[in-house]
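Reviewing the structure listed below.
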Amino acid sequence: MVKKEITLSPSLLSCDFARVGEQLKELENAGVKWLHLDVMDGAFVPNISFGIPVIKSIRKSSPLFFDTHLMINAPERYIEQFAKAGSDCITFHVEATSSPAAVLDMIHAQHKLAGISVKPGTPVQSVYPLLEKCDLLLIMSVEPGFGGQSYIESATEKIRLAANYIKRKKLKTLVSVDGGIDVRTAPAAASAGADVLVAGSAIFGKGDITAAAEALRKAVNGR
Ligand code: DX5
Ligand code: ZN
């Protein structure tokens, strides 16, 4: 059996914002293809990060696949703007809206990939009825809001359950995992069936971005 290649999605939240252009170039040179963009509103989560103008600005110089993670209440208010800012995939939280199916449709109407995310306390089974409409399922392995937290072990079982369900139903949904991913925790998430690994501090917190991306890739892909 050929092992699938895992996609790394470094989280911009942990970058050095004074040197963002330089650091994005470094990711590109390291062969990274995705960039995870954590948008926080200070209401859905107890933190505020960045938003539309920042995404729009880095879009001009970065060819990376923009994997936008909206941690905002009522995301339906801003889908069009995040699409126009340059997101390639827009993921929102099932806990943040009363009409998740309609939000998925809104994202697709903008010709973008659509993702749904579950917090650690939300059973992954609760989004199964929506997966047919989802290009990506983002399983949170920390409470959303901050980088640099520890991986919550129970996420591994959620990844396994969802990946098996997706396979059984012959769906195309990618499984992504977000929070506390490093060389120590990534192998379990990958072997449970994750397709995408989001990593902030493990990529940007070590000084050498290229070496950190390489180490993480090696931990899961074995090369
Ligand atoms: C947390 C964010 C994550 C975070 C991950 O709310 O969704 O994407 O940046 O950071 P690390 O990899 O440091 O846990
Ligand atoms: Zn995130």
Side-chain angles (χ1 to χ4, degrees), residues 6-17 20 23-24 27 30 32 34-51 54-55 58 64-73 75 78 82 87-96 107 113-122 127 134-156 158-159 174-190 194-209 211-213 215-217 219-220:
I6 309 281
T7 299
L8 266 190
S9 195
S11 167
L12 191 74
L13 192 63
S14 299
C15 85
D16 176 355
F17 285 100
V20 64
Q23 296 206 320
L24 293 186
L27 286 178
V32 166
W34 283 36
L35 182 68
H36 187 81
L37 299 151
D38 286 305
V39 177
M40 304 179 183
D41 67 352
F44 179 70
V45 289
N47 196 10
I48 298 177
S49 57
F50 52 82
V54 169
I55 298 180
I58 58 174
L64 294 169
F65 179 91
F66 280 12
D67 168 30
T68 299
H69 177 194
L70 298 181
M71 285 162 274
I72 64 173
N73 281 329
Y78 292 106
F82 279 103
S87 305
D88 294 297
C89 179
I90 301 177
T91 297
F92 63 94
H93 273 265
V94 69
E95 305 89 353
I107 300 170
L113 299 187
I116 203 148
S117 184
V118 286
K119 296 210 278 187
T122 303
V127 297
C134 291
D135 302 290
L136 185 132
L137 166 63
L138 181 65
I139 296 178
M140 291 307 299
S141 40
V142 296
E143 284 302 332
F146 299 91
Q149 305 180 73
S150 301
Y151 183 85
I152 297 173
E153 297 293 337
S154 54
T156 308
K158 287 167 95 170
I159 298 167
L174 294 173
V175 178
S176 180
V177 57
D178 185 4
I181 293 292
D182 57 22
V183 289
R184 201 181 49 81
T185 56
D195 302 287
V196 182
L197 300 179
V198 176
S201 29
I203 296 280
F204 291 102
K206 306 271 182 218
D208 186 343
I209 291 175
L216 208 45
R217 206 180 278 134
V220 294

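Indexing begins at 1, ligand by ligand and atom by atom, following the structure's order. Since the model is a prediction, treat every value here as computed from it, not as a measurement.
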Could you list each nitrogen or oxygen of ligand 1 that sits under 3.5 Å from a protein nitrogen or oxygen, with the atom names and the distance?
| residue | atom | partner | partner atom | Å |
| --- | --- | --- | --- | --- |
| ligand 1 | 6 (O) | G145 | N | 2.7 |
| ligand 1 | 7 (O) | D38 | OD1 | 2.9 |
| ligand 1 | 7 (O) | H69 | ND1 | 3.3 |
| ligand 1 | 7 (O) | D178 | OD2 | 2.9 |
| ligand 1 | 8 (O) | H36 | NE2 | 3.4 |
| ligand 1 | 8 (O) | D38 | OD1 | 3.1 |
| ligand 1 | 8 (O) | D38 | OD2 | 2.7 |
| ligand 1 | 8 (O) | D178 | OD1 | 2.7 |
| ligand 1 | 8 (O) | D178 | OD2 | 3.0 |
| ligand 1 | 9 (O) | S11 | OG | 3.0 |
| ligand 1 | 9 (O) | D38 | OD2 | 3.1 |
| ligand 1 | 12 (O) | G200 | N | 2.7 |
| ligand 1 | 13 (O) | G148 | N | 2.8 |
| ligand 1 | 13 (O) | S201 | N | 3.0 |
| ligand 1 | 13 (O) | S201 | OG | 2.4 |
| ligand 1 | 14 (O) | G180 | N | 2.8 |

Exercise. Does Y78 reach the side chain of L70, with side-chain heavy atoms less than 4.5 Å apart?
Worked result: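 Not in contact.
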Exercise. Between K119 and P144, is any pair of side-chain heavy atoms under 4.5 Å apart?
Worked result: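 Of all side-chain heavy-atom pairs linking P144 with K119, at least one is under 4.5 Å.
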Problem set entry | Minimum-distance N/O/S atom that H69 presents toward the Zn ion (ligand 2) |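 Nearest to the Zn ion (ligand 2) within H69's N, O and S set: ND1.
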For this session: Report the name of the N/O/S atom of D178 located nearest to the Zn ion (ligand 2).
Result: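 It is OD2 of D178.
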For this session: List the steps and the verdict of side-chain contact (heavy atoms from CB on, under 4.5 Å) for V177 and L197.
Result: CA-CA 5 Å; V177 57; L197 300 179; 3.3 Å; yes
Exercise. Are L113 and F65 close enough, and set up right, to give a side-chain contact (heavy atoms from CB on, under 4.5 Å), and what steps lead you there?
Worked result: CA-CA 11 Å; L113 299 187; F65 179 91; 3.8 Å; yes
Exercise. Between K158 and T122, is there a donor-acceptor pair closer than 3.5 Å when you use the side chain of the first and the backbone of the second?
Worked result: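 Yes, the answer is positive, given that a donor and an acceptor are paired below the 3.5 Å cut-off.
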For this session: Kindly report the NE2-the Zn ion (ligand 2)-OD1 angle for H36 and D38 respectively, rounded to 10°.
Result: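 So the angle at the metal works out to 90°.
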For this session: Test L138 against every option in V118, V175, V198 by the side chain to side chain contact (heavy atoms under 4.5 Å, CB included) rule and name the one that passes.
Result: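 Exactly one pass, corresponding to V198.
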Exercise. Of V39, D38, D41, which meets side chain to side chain contact (heavy atoms under 4.5 Å, CB included) against M71?
Worked result: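 One option only clears the test, and that one is D38.
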